[in-house]
Structures are given as C-alpha cells and as structure tokens.
Amino acid sequence: MMTCKLQLGAFASSSNHSRQQGAPNKVRSCLMVATDDHQDTFFKTNLPTKLAKTYVPTIKPLLEKELQESNNNTDAPIINSGKFGRFGGKFVPETLVVCLSQLEAEFNKALHDEAFKAELAEALKDFAGRETPLYYARRLSEYYKMNNNGKGPDIYLKREDLNHGGSHKMNNALAQAMIAKRMGRKSVVTATAAGQHGIATAAACAKLGLECTVFMAAKEMEKESSNVQLMKLLGAKVEGVNGSFKDAASEAFRCWVGEMENSYHLTGSAVGPHPCPTMVREFQSVIGRETRKQALEKWGGKPDVLVACVGTGSNALGLFHEFLEDKDVRLIGVEAGGCGLESGRHSSTLATGEVGVYHGALSYLLQDQDGQIIGPHSIAPGMEYPGVSPELSYLKETGRAEFCVATDQEALDAYERLCKLEGIFPSLEAAHALAILDNLVPTLCDGSKVVVNCSGCGDKDAAVVFDRKLFHGKF
C-alpha cells in the first residue's frame, strides 16, 4: 500500500475573490470552500479528520485501480492516462473528465497535424524569436575556475530570457492559444505568478484575436506592477486574488468551470490533471531540443550537466526531457529554499514534501500532518507553489534527476553575480539555478560542460533585489 498522505485539493480556494458565477451544477456540487484562511478546498469525499500515512481514500473504483497499478509499476514509463509511474492522473469530478478528454484528443490531433506544426514553428521563429542562444558565460566560468585552482567546467546559459515576453513561457502559451482557437474557443483564462506567463498568454491571445483573463495574487500585482501594466496593454483583463499563486490558479480554474463551452483554461505550469502537465512539457521541450543541437555545433557533444530552477517544473522539464534517455547527462533541479529548510518558510516540495493529490494530480506536496497544504514561500513568485510536476516527482523517485535547494539570499547573490560578470539580468527564479553553482562546480571535472536554463529576464525583479540589498547588504 502506498505510504503517503493523500490530500484531495480542488480547483477552488479559500480566496476571498468572488468570481464564481455560472459553474455547472454537477461541478459546483463537488466543490466546497474552506472557511479557514489556512486551508484549501476539497472535493467532498467523506475524509476522516486525521489522515494516516497509509490511508487511501475510496473515491471511486477507478482511482483505487489506478493507484494499485501504479504502485506495482513504479519503473514504468509514462502511459496514456497521463501517469508517470504512480504520479499524475486525472483526479477531478466526472464532469471535468469529459472536458479534459476532449482537450487530450485535440492535443493529440494537433501533434499529428502537419499544418499545426508548421504554423507553430513559424510563430516560434518569427513571433517568439526562437531559437534562443546557448551562450558561453566566459567570465562566470573564469570566476569559478579562479576559486578552484584554475580548474572547473565551462558554463553555458540557455537564454530563454531573450524569448518574446522575457521568459520561456511563450513556448507553451503560443501553442495552447492555437489549440484554443482550433477548438473554437473565444476566450482564454489563466493564472500567473510573477506575470511572465500572464504576459506570454496575453500576447498570444492578442496575436490570435482571443479574449484573455489573467488571475494573479494581489500581493504580486503590487510587486510586479510593470508586468500587470503590460498585460493590460496587451488587452488582458487582470483579476486580483487574495493569497498566492496557488489561490490564483484555483480561481482561474473556477472561472473556466463556469464557461467551459466558450473558454479555454491555458495552464502555464506542469501541474494539474492530465493532459495539462504533458501538454506544457511537450511545448516547452523545444528548449532541450535546441540545446542538444547547439551543443553539438559548439563543442561536438552533449552537455555533461543540465541545471534548472524548479517551481512547478515547466522550464526544468523543457530542458531535461530531451535528455532523459542520455544516462550520462546529469539533470539537476533547484528548488526555492526560502529562509532555509529549518525555518519552514520555503517552497522545497521535492526536498521536504510528501505524496498527495492536489489540483487534480498525484505528486509531492507541502502538507502538514492533517494533509492540509502548507503555505509556500520564496523571494521568486514563480517558485511559490506547494506542489510540483508529476513527471518531476517520478524523476525524483526513480533517481534519474537530482534535486537541491537554494535560499533567497543565495539567489540574490547569484542574481548580482551574473549582472556584474556577464551583463545579464536573470529572473529571481533562474537565479536559484545559478546559485547552486557555488556547491556544484567544485565537484565537476575540468572542462566539463554545464548548461543552466536562464528561464526568464530579471528586470522585473530589479526593485526587489535592490530593496533587499539595501536593507541586508550593500552592492
């Protein structure tokens, strides 16, 4: 039996945001809103007050069967139901299963449609600006070699920060907006953390003539006001939500539930029920395909180590997926250590979490002894989420990928270092990946090739970095 807590988090939240109109009765009857600000909402399943670690809820026969099959087959590759070993799946009310199945069918048709693939390739090239450079960070490499007796790896940056919109998010937003149009949807709803996915989605919708609504945590709207203004300039409606990104994500899904026949829920994170994580990973995997091609051109081989930050996992999977079968390529994901793991204020789901169900899929979660979600913390808004990709959960469990953490302060130091040594502003999310180089580099062979995914541009974070440095340390 699976030894874990199973929390059944719904796509609703304890947010005070009041947008709930029009939800179909069948879906609404499956949702209830928690009254405690520290609790998320749940599907009604007659759960006990205390969830034992060996407790497996009997929601329906299909769930019990899926869990049993996945437990007996943890080394299995991804299967058609969206399972990665025992992780993933589609833990949602039956009404949503139909909609998600329609989405999966359209996704599969698009992947085999030569016209769609040609249109997407053209849009990625001419609109998004792909391919993005694989940049040799010479001075950063020399910095680490100088501190390691003149020896160390050559460090390259995959410059997703140069993508249109300033991050890797455009890769997926463009593709999914095209699918929304194929399905005849007139509007798109989404949630964003730092605003980069919101900008990418708003831009893609503007290009394709779709209405766009973006949900965002009110506290992040204040910190990322320039991104909010850009979304509005692109024609998007931006809705503030009390709480954090997880609450914005819940609210976006609730909005979609109310207008499923006319709207499209465009997820930018590699979480949620199948096929959402698979779609995001598939459309982000252009990052890894380009990296393989560029590495062959630059040094005639493969990278030795790939490094990416991990919030929910979209940019990490985008880089890693191409190299999963290359066992000689190390995959290292870096989570947000916040104020330190011992403080309890962090977003290190894979480092400290336990397995459960949240937002429609089985994965690692930050949860307490009662199965309640623990509020995540990170100086990088895009990493402040209590769950993680089911596929990354599988890669952790099988040992194919390694995961570590970088604190807020370490990310701030890495941000400043890249600015001064390379003239590049990384996002605070990407700065977490750069921060781990301090500990990683001394363990690597001289001349080995390391690729760090610079997943976003950090001009949005300049004020936060300056304020923190002003009060906690001079530049």
Side-chain angles (χ1 to χ4, degrees), residues 8-13 19-33 41-45 59-60 62-63 66 79-83 88-113 116 172-173 175-191 197 201 204-205 208 210-215 248-283 312 357-363 387 389-390:
L8 303 176
F11 288 94
S13 72
R19 183 169 184 139
Q20 300 181 39
Q21 74 269 17
N25 290 334
K26 287 185 179 180
V27 177
R28 183 169 292 174
S29 66
C30 294
L31 301 174
M32 69 175 181
V33 180
T41 52
F42 303 91
F43 294 128
K44 293 181 178 178
T45 56
I59 302 172
K60 55 182 182 179
L62 178 60
L63 171 59
E66 287 175 346
I79 59 176
N80 291 336
S81 62
K83 300 295 284 297
K90 197 182 295 183
F91 295 77
V92 295
E94 293 294 342
T95 306
L96 295 185
V97 170
V98 175
C99 297
L100 292 169
S101 296
Q102 291 174 345
L103 176 60
E104 181 180 2
E106 193 62 46
F107 169 55
N108 287 327
K109 283 196 293 185
L111 290 183
H112 294 88
D113 185 336
F116 174 86
N172 169 69
Q176 287 210 49
M178 288 169 56
I179 288 179
K181 193 151 189 175
R182 280 170 62 101
M183 297 178 71
R185 303 298 190 257
K186 304 298 182 184
S187 64
V188 164
V189 60
T190 194
H197 173 65
T201 302
C205 287
L208 297 172
L210 298 168
E211 295 178 6
C212 180
T213 301
V214 180
F215 288 88
S250 296
E251 204 64 43
F253 201 87
R254 289 174 61 172
C255 177
W256 172 66
V257 164
E259 302 179 31
M260 286 186 287
E261 293 184 0
N262 300 311
S263 66
Y264 180 95
H265 181 258
L266 200 161
T267 179
S269 305
V271 294
H274 181 67
C276 298
T278 302
M279 292 178 70
V280 173
R281 182 259 288 152
E282 179 63 30
F283 294 133
T312 62
V357 175
Y358 184 66
H359 278 177
L362 186 76
S363 70
S389 156

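Quick caveat: nothing in here was measured; it's all calculated off a predicted structure.
- Put simply, the side chain of K181 gets close to the backbone of L208: a donor and an acceptor are under 3.5 Å apart.
- Residues V189 and E259 form no side-chain contact, since every pair of their non-hydrogen atoms from C-beta on lies 4.5 Å or further apart.
- Side chains of L96 and P273 form no contact here, defined as non-hydrogen atoms less than 4.5 Å apart.
- Looking at M183 and L103, their side chains come closer than 4.5 Å, going by heavy atoms from C-beta outward.
- Counting all heavy atoms, side chain and backbone alike, A361 lies closest to F91 at CA-CD1, 4.0 Å.
- When the side-chain hydrogen bond (donor to acceptor under 3.5 Å, both in side chains) test is applied to S363, no partner is found at least two apart in sequence or on another chain.
- The main-chain N or O of S269 is found under 3.5 Å from a side-chain atom of T267 such that the two form a donor-acceptor pair.
- V188 is listed as a side-chain neighbour of T201, based on a closest heavy-atom distance under 4.5 Å.
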Practice item. List the steps and the verdict of side-chain contact (heavy atoms from CB on, under 4.5 Å) for F283 and L111. Key: CA-CA 10 Å; F283 294 133; L111 290 183; 4.3 Å; yes
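- When side chains are defined from C-beta on, L362 does not count as touching P390, because their heavy atoms never get closer than 4.5 Å.
- Within the model, atoms CG of L210 and CE of M178 stand 11.5 Å from one another, a figure rounded to the nearest 0.5 Å.
- For D113, the side-chain contact (heavy atoms from CB on, under 4.5 Å) test picks out A115, F116, R182, with sequence neighbours left out.
- Annotation: side chain of I179 is not in contact with side chain of R185 (no heavy-atom distance under 4.5 Å).
- Between E94 and V98 the shortest side-chain heavy-atom distance does not fall below 4.5 Å.
- Taking the six-membered ring where the residue is Trp, H265 and W256 present tilted rings, their angle falling between 30° and 60°.
- In this structure, R281 contributes its side chain and M279 its backbone to no donor-acceptor pair below 3.5 Å.
- Atom CZ of F107 sits about 10.0 Å away from atom SG of C276, to the nearest 0.5 Å.
- Residues C99 and T95 fail the side-chain proximity criterion, which asks for heavy atoms closer than 4.5 Å.
- Under the ring pair (Phe, Tyr, Trp, His ring centres under 6.0 Å) criterion, Y264 pairs with no residue, sequence neighbours left out.
- When all heavy atoms are compared, the tightest approach of A173 to L266 is O-CD1, 3.8 Å.
- Under a 4.0 Å N-O distance rule, the pair E104/K90 qualifies as a salt bridge.
- Of all heavy-atom pairs spanning S389 and V271, the tightest one is N-CG1, 3.8 Å.
- The minimum heavy-atom distance between A270 and P277, with the atom names listed, is O-CB, 3.6 Å.
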